[in-house]
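A quick write-up on the structure given underneath.
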Amino acid sequence: ALRELAALPQVVAIGECGLDYNRDFSPRPVQDAVFDSQLALAAELGMPVFLHCRDAHARFIEILRPWLPKLPGAVLHCFTGSDEELDECLALGLHIGVTGWLCDERRGQQLREQVARIPAGRLMIETDAPYLVPRDLKPRPKRNEPAFLPHIAQVVAACRGEAPEALLAHTRATSAAFFQLPLLE
């Protein structure tokens with residue numbers, strides 16, 4: 001079924017795929033096997049991967065590492081890991097997706113500090129809609145949506161010491177190149 005879907009012209013990556021050892025909705029050995037199979041499919045089709053990792057970094061990297069030379073690209077979406085995890089992901093060449101998590105005064109401080117370390121050509125911004133509503137939006141909406149991306153971009157830009165327009169320009173170019181999409185202005 002995934003192979004058939006991947007053949008559709010609007011599909012530009014395999015994913016969201018990865019490991020979630022936080023909730024364990026599926027047994028870990030099953031998650032591991034499915035993740036490996038999805039990486040194999042992406043490598044076979046020459047497609048980038050859109051990745052998920054929650055409370056499984058070491059095993060995630062162990063499964064992902066041998067596939068990286070066979071993939072045109074990999075982005076770890078909604079990054080919220082440690083400094084060491086960020087360093088390892090960057091050393092492996094991963095792109096890093098940042099959400100409104102850094103807009104959360106309770107949980108986002110570490111990411112606010114880390115985001116300046118992500119090279120411009122490897123940084124992507126995202127909402128993770130409908131989840132992770134930026135907590136600093138007033139009034140606070142009940143669900144997240146793509147319309148909040150400019151707000152997230154402003155916060156990311158401030159954390160990086162960049163003008164929001166410059167951040168939007170380089171993240172737009174990065175995303176277009178990664179997903180092989182036309183660059184829209």
Side-chain angles (χ1 to χ4, degrees), residues 13 15-25 28 31-32 35 48-65 68 73-175 178-179:
E16 173 179 341
C17 58
L19 304 176
D20 193 324
Y21 287 0
N22 178 267
R23 296 186 182 138
D24 285 326
F25 288 137
R28 291 178 181 187
Q31 289 188 53
D32 294 355
F35 182 36
V49 288
F50 193 77
L51 301 169
H52 175 94
C53 180
R54 188 168 181 194
D55 296 341
H57 181 79
R59 184 65 176 135
F60 172 83
I61 295 297
E62 183 181 354
I63 294 169
L64 177 63
R65 186 185 306 271
L68 286 173
V75 58
L76 179 52
H77 107 100
C78 193
F79 182 83
T80 59
S82 69
D83 288 341
E84 296 77 19
E85 291 168 352
L86 178 60
D87 291 342
E88 186 170 21
C89 290
L90 291 173
L92 289 171
L94 272 62
H95 286 66
I96 306 295
V98 176
T99 67
W101 182 273
L102 81 166
C103 301
D104 185 331
E105 75 287 353
R106 303 166 307 152
R107 303 181 296 182
Q109 186 56 42
Q110 179 177 348
L111 186 57
R112 292 173 79 90
E113 295 165 6
Q114 291 170 327
V115 75
R117 297 180 33 225
I118 303 170
R122 305 250 298 281
L123 173 65
M124 295 185 189
I125 55 173
E126 56 176 307
T127 61
D128 199 31
Y131 309 107
L132 297 179
V133 175
R135 285 183 47 89
D136 60 351
L137 284 176
K138 303 293 183 225
R140 189 160 183 261
K142 293 191 185 306
R143 67 181 261 138
N144 203 352
E145 56 187 67
F148 304 143
L149 200 55
H151 174 76
I152 295 167
Q154 286 184 337
V155 176
V156 172
C159 293
R160 291 173 60 86
E162 293 180 57
E165 299 78 24
L167 176 99
L168 286 169
H170 72 71
T171 56
R172 195 170 26 243
T174 296
S175 297
F178 182 89
F179 293 111

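The analysis underlying the following values was restricted to heavy atoms, covering all of them including side chains, and did not include hydrogens, waters or symmetry mates.
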Just distance, no hydrogens or angles: give the donor-acceptor pairs under 3.5 Å from side chains in residues 96-103, sequence neighbours left out.
from : atom 1 : to   : atom 2 : distance (Å)
T99  : OG1    : W101 : N      : 3.1
W101 : NE1    : R107 : O      : 3.2

**Prompt:** Does a donor on one side chain and an acceptor on the other come within less than 3.5 Å for E162 and H170?
**Reply:** yes
**Message:** Return the NE2 to CG distance between H77 and L94, rounded to the nearest 0.5 Å.
**Reply:** 13.0 Å
**Item:** T174 to G121 - nearest heavy-atom pair and separation
**Value:** CG2-O, 3.2 Å
**Request:** Check side-chain hydrogen bond (donor to acceptor under 3.5 Å, both in side chains) between R28 and all other residues, then give those that pass, not counting sequence neighbours.
**Result:** D24
**Message:** Could you work out, with side-chain contact (heavy atoms from CB on, under 4.5 Å) as the rule, every residue matching E145, not counting sequence neighbours?
**Reply:** A147, F148
**Prompt:** How far does CZ of R59 sit from CG of L19, to the nearest 0.5 angstrom?
**Reply:** 7.5 Å
**Request:** Would you please indicate if the ring centroids of F60 and Y21 are separated by under 6.0 Å?
**Result:** no
**Request:** Using atom types as modelled and distance alone, determine if a side-chain donor or acceptor of R122 lies under 3.5 Å from a backbone N or O of L90.
**Result:** yes
**Message:** Please give me the minimum heavy-atom distance between T127 and P146, naming the atom from each residue.
**Reply:** CG2-CA, 3.9 Å
**Complete:** Residue set satisfying side-chain hydrogen bond (donor to acceptor under 3.5 Å, both in side chains) with R106, at least two apart, ordered chain then number -> D104
**Asked** Quick one: are V115 and V155 in side-chain contact, heavy atoms under 4.5 Å?
**Response** no
**Asked** Who passes side-chain contact (heavy atoms from CB on, under 4.5 Å) against D83, sequence neighbours left out?
**Response** Q110, Q114, R117
**Message:** Between R143 (side chain only) and V133 (backbone N and O only), is there a donor and an acceptor less than 3.5 Å apart?
**Reply:** no
Which donor-acceptor pairs under 3.5 Å do the side chains of residues 48-56 make with protein atoms, sequence neighbours left out?
from : atom 1 : to  : atom 2 : distance (Å)
H52  : ND1    : E16 : OE2    : 2.8
H52  : NE2    : D20 : OD2    : 3.1
D55  : OD2    : N22 : ND2    : 2.7

